[in-house]
Amino acid sequence: MDRPKERISTLISKEELDKRIKELAAQISRDYAGLDLIIIGVLKGSFIFLADLIRHLDYHVCVDFMGISSYGASTKSSGEVRITKDLEQNLAGRHVLLVEDIVDTGLTLRYLVDALKARQPASVRVCTLLDKPARRQVRVAIDYYGFIIPNAFVVGYGLDYAEKYRGLPFVGVLEELDEQTD
Ligand code: IMP
């Protein structure tokens, strides 16, 4: 049998995720009450977080998605961002909440926020499930965050490594095992 190439240890449990996402949804519901809010998910990593978040909001919101290129099979950021799927909604005059899975170097977020602001929305704010500040390369404003995490590569709850592990119900640290490791 093939030896496992990766090991995953739990960093944030399902219970902790559920509790924090309810708190975030309550805060967002209060802040945007009565406003025309559009929630934009950044594919693919944010889809599970976004799905849970909107189910705890106090009212119905418009949801759209933006696809961007990711790291592929590597765990390192290239800093290059490419839009692979654009929005269907017009943002002019509307309040935009961009929902991300994780902010690492900040390069992706800065690119996306600038691209969204160019479409004349009434406001743009950012909500990320995870914030990994140790690796930040550019300054970005994060308005809502779930958890600040240490400098490790994480998977699960939407986040992948080479397209694997998105369906894990928790967030775990991925450790690549070398040939000698037991
Ligand atoms: P940034 O541009 O370096 O901030 O990276 C943002 C994107 O990289 C995220 O939306 C993720 O898709 C991916 N990413 C960064 N760190 C991780 C990680 O620890 N696990 C999985 N994906 C990550």
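Worth knowing before you read on, the calculation uses all heavy atoms, side chains too, and leaves out hydrogens, waters and symmetry mates. A quick note: this is a predicted structure, and the numbers were derived from the prediction, not measured. One-based numbering, in listed order, for ligands and for the atoms of each.
Sorted by first then second residue, the side-chain hydrogen bond (donor to acceptor under 3.5 Å, both in side chains) pairs that include residues 115-125, not counting sequence neighbours, are Asp86-Arg119, His95-Ser123, Arg125-Tyr144.
In this structure, Ala152 has a heavy atom closer than 4.0 Å to ligand 1. Look at Lys132 and you'll find a heavy atom under 4.0 Å from some atom of ligand 1. For the ligand labelled ligand 1, residue Leu159 lies inside the 4.0 Å heavy-atom shell. A heavy-atom separation below 4.0 Å is not found between Gly45 and ligand 1. Residue contact check for ligand 1: Leu109 places no non-hydrogen atom closer than 4.0 Å to it. At least one heavy atom of Asp160 sits under 4.0 Å from some atom of ligand 1.
The CG atom of Leu109 lies 6.0 Å from the CG atom of Leu98; values are rounded to the nearest 0.5 Å.
The heavy atom nearest to atom 14 (N) of ligand 1, out of those in Leu107, Thr108, Ile68, Ile102, is found in Ile102.
Counting only distance, with no hydrogens or angles, the side chain of Thr128 and the backbone of Leu130 share a donor-acceptor pair below 3.5 Å. At distances below 3.5 Å, not a single donor-acceptor pair connects side-chain atoms of Asp64 with backbone N or O atoms of Ile40.
The Thr105 neighbourhood of ligand 1 comprises atoms 1 (P), 2 (O), 3 (O), 4 (O), with distances under 4.0 Å to a heavy atom of that residue.
For ligand 1, the polar-atom distance check finds no N/O of Val103 at less than 3.5 Å from any of the ligand's N/O atoms. Of the N or O atoms in Arg135, none lie within a sub-3.5 Å distance of an N or O in ligand 1. Residue contacts with ligand 1: Glu100 is placed with a nitrogen or oxygen under 3.5 Å of a nitrogen or oxygen of the ligand (distance criterion only).
Heavy-atom neighbours of Arg110 CZ from other residues, nucleotides or ligands within 6.0 Å: at or below the threshold of 12. Remark: Phe65 CZ is packed, more than 12 non-hydrogen atoms of other residues, nucleotides or ligands lying under 6.0 Å away.
In this view, Lys19 and Glu23 satisfy the side-chain hydrogen bond (donor to acceptor under 3.5 Å, both in side chains) rule, not counting sequence neighbours.
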